[in-house]
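Start at 1 with the first residue, then count along the sequence. In listed order, ligands and their atoms are each counted from 1.
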Amino acid sequence: MTNLTGMRPIDRKERLQIPRQPVPKQAPGDRISNFGEVYQGYDAETVIIEAERCLQCPDPQPCMSTCPMENNIPLALWHVSQGDFFEAYRSFRQTSTLSEVCGRVCPQERLCQGSCVVGAHGGEPVFIGKIESFVADYVRLHGGLDLKPETSTGRSVAIVGSGPAGLHVAELLALRGHSVDVYEAWPKPGGLLYYGIPGFKLEKPAVVALIERIEALGVRFICNTRINDPGQPSVDDLLNRYDAVLLAIGAGIPSVMRIEGEDLPGVWKSIDFLVTTNLPETDLPAGFNLPQIKGKRVVVVGGGDTGSDCVRSAKRAGASHVMLSYRRTEAEMPGRAEDRGFAKEEGIDYEFLTQPIRFIAGDNGRVAQIEMRRMKLGEPDSSGRRRPVDIPNSEFMVPVDIAVLALGFWPDEKFVKQVEGLNTKRWGEIEVDPDTGMTSRTALWAAGDAVNGADLVATAMASASRAAESMDRYLRILSNEYKILESEMNPTGVAVAA
Ligand code: SF4
Ligand code: SF4
């Protein structure tokens, strides 16, 4: 490998001696007053040095095998090290259309970066995610790729949901020449990316730009349309109107605690809290209540990424004190450690081994206190994490103005039950062929969190890649572009293939 000048070869030993290049960040004191991203991104000179740290490991590269999208990371990093950011972006796009998103929100420390061998050699792993988002942003800000759909196939696709899985399939199928309509329940497209992930992790202009890129391919976004609701099209209507349909509805049903006072005014569900703190009123559905957070005491319950997003949003919205309650210790927390580190720098208090047992109203009928109980760790449960166990007589009161429940999400069982003949699993996840994403209904696919349960963006996209591949093949079979083999017939008699 040579450096940017193309003159001097850099050997493995030299590469291992290059220190990790830091990415500029907003200081904690500055960033709590805005919703801008914490990381401010590499510049072109520094990103090249960081990419030169890659050892170009032989196949199988550990970083690729731990990337849910199986991105060709060494190839992309090699192009970056040569200063060819467009070619690097093309390398990522061989497998992923959302590098600007994954580079920002993947928990890279336990995926690609976590297995980078530079870490095993005593160095800090190559900052793969930051390089990936840099190249996507660079290409966007320098005119973008000249993406052109193939000749029209005359086939049409409806996608329900415009989160990561829906957008990924929309872009892939539009490029293959199919006509794609995307139905979105919220006023703007982007689903989780626009409404669920705060701007300090994924800036909204990056999401808007990728929607515009997909629209430029001819994809139509039909917003404010909740499929299967009264007065709105049903899934069967879409199946009658389009050649193929994808359900990419995510997993947006919040878990509840089932304790006293949970429905008091001032007790918020995490998604409602996030959208109202992160977005202008004009982006919200009519009649959405806006919480008054300035000067208020906020307690968030839950140790996942959503909990981190809520406490950090509350801080930025001007809360006087923000606390996160989690029933195990920090070691068992499922959320990303980096976000937690940022939250602590931003002044968030963590109360580990605590569990709310009831929400108590004040004189005005709004939540005013939370009765909490202290916990200790018991034996491991089925997930392998030690189970939280009550400590008797350990109850204490926490004064609060706003409580936010960030306890996880489930697929929308009510939605899927409305689709006749659609097989589901125990918690409402849609059952699909794992190789193709095809459901038990003819011409109906599903992908993302609706299939996997609430999971990572990259995991949702990986299942979306498989569905897009299968849908494209199915649509071409309809157009007699492929001969149908008996082995490609599913039990419904419709030809599909992996
Ligand atoms: Fe790493 Fe995620 Fe990008 Fe894969 S998709 S290379 S895991 S940041
Ligand atoms: Fe490069 Fe690290 Fe991947 Fe090896 S594991 S190819 S050093 S990024």
Side-chain angles (χ1 to χ4, degrees), residues 1 10-21 23 37 39 41-42 47-82 85 88-139 163-165 167-168 171-172 192-193 197 201-202 206 210 305 336-339 448 452 455-466:
M1 189 165 77
I10 300 177
D11 66 22
R12 183 183 167 90
K13 204 168 155 199
E14 279 180 293
R15 283 183 251 155
L16 277 170
Q17 282 166 358
I18 304 172
R20 179 189 261 185
Q21 303 300 297
V23 183
E37 285 188 10
Y39 284 110
Y42 277 129
V47 80
I48 289 170
I49 301 171
E50 182 62 19
E52 283 177 333
R53 299 179 64 234
C54 172
L55 303 176
Q56 294 293 314
C57 300
D59 189 21
Q61 296 85 352
C63 54
M64 279 182 73
S65 7
T66 45
C67 166
M69 302 297 294
E70 296 177 53
N71 286 343
N72 194 335
I73 296 164
L75 179 63
L77 298 195
W78 187 81
H79 287 304
V80 174
S81 74
Q82 302 303 295
F85 306 135
Y89 181 54
R90 283 192 196 95
S91 307
F92 281 119
R93 275 190 66 95
Q94 287 173 4
T95 39
S96 168
T97 59
L98 298 181
S99 281
E100 56 277 76
V101 174
C102 294
R104 287 172 163 93
V105 305
C106 267
Q108 291 113 16
E109 61 281 359
R110 61 183 164 95
L111 300 175
C112 55
Q113 279 168 215
S115 60
C116 172
V117 298
V118 175
H121 282 85
E124 284 190 87
V126 178
F127 232 159
I128 300 166
K130 298 292 175 285
I131 299 175
E132 184 177 3
S133 55
F134 169 87
V135 296
D137 292 348
Y138 181 93
V139 169
L167 292 179
H168 185 49
E171 182 158 1
L172 291 173
L192 169 80
L193 304 181
I197 301 178
K201 287 167 67 174
L202 172 63
L210 79 87
D305 287 333
R336 197 175 177 189
E338 181 183 71
D339 290 343
N452 304 326
D455 206 341
L456 306 175
V457 167
T459 314
M461 288 177 63
S463 72
S465 294
R466 294 188 286 274

Among protein heavy atoms, which sits nearest to [atom], and what does the distance come to when rounded to 0.1 Å?
| atom | value |
| --- | --- |
| atom 2 (Fe) of ligand 2 | C116 SG, 2.4 Å |
| atom 1 (Fe) of ligand 2 | C54 SG, 2.4 Å |
| atom 3 (Fe) of ligand 2 | C63 SG, 2.3 Å |
| atom 7 (S) of ligand 2 | L55 N, 3.2 Å |
| atom 4 (Fe) of ligand 2 | C57 SG, 2.3 Å |

Can you tell me if [X] uses its side chain to pair, donor with acceptor, with the backbone of [Y] under 3.5 Å?
| X | Y | answer |
| --- | --- | --- |
| R20 | P125 | yes |
| S96 | R93 | no |
| Q108 | Q113 | no |

With a cut-off of under 6.0 Å to the ring centre and 45° to the axis, is R104 in cation-pi contact with Y39? no

Ring centers of F85, Y138 separated by less than 6.0 Å: yes

Between the side chains of S99 and E132, does any donor sit under 3.5 Å from an acceptor? yes

Got more than 12 heavy atoms from elsewhere within 6.0 Å of CD, E70? no

Which of the ligand 1 atoms, numbered from 1, are nearer than 4.0 Å to a heavy atom of N71: 3 (Fe), 4 (Fe), 5 (S), 6 (S)

Show me which atoms of ligand 1 lie under 4.0 Å from any heavy atom of L111. 7 (S)

Would you call R53 and E124 a salt bridge, using N to O less than 4.0 angstrom? no

Select one of side chain, backbone, both or neither to describe which atoms of C102 lie under 4.0 Å from any atom of ligand 1, heavy atoms only. both

Should the proximity of T66 to ligand 1, defined as any heavy atom under 4.0 Å, be assigned to the side chain, the backbone, both, or neither? neither

Hey, is atom 4 (Fe) of ligand 1 within less than 2.8 Å of some N/O/S atom on C67? yes

Would you say C112 has an N, O or S atom lying under 2.8 Å from atom 2 (Fe) of ligand 1? no

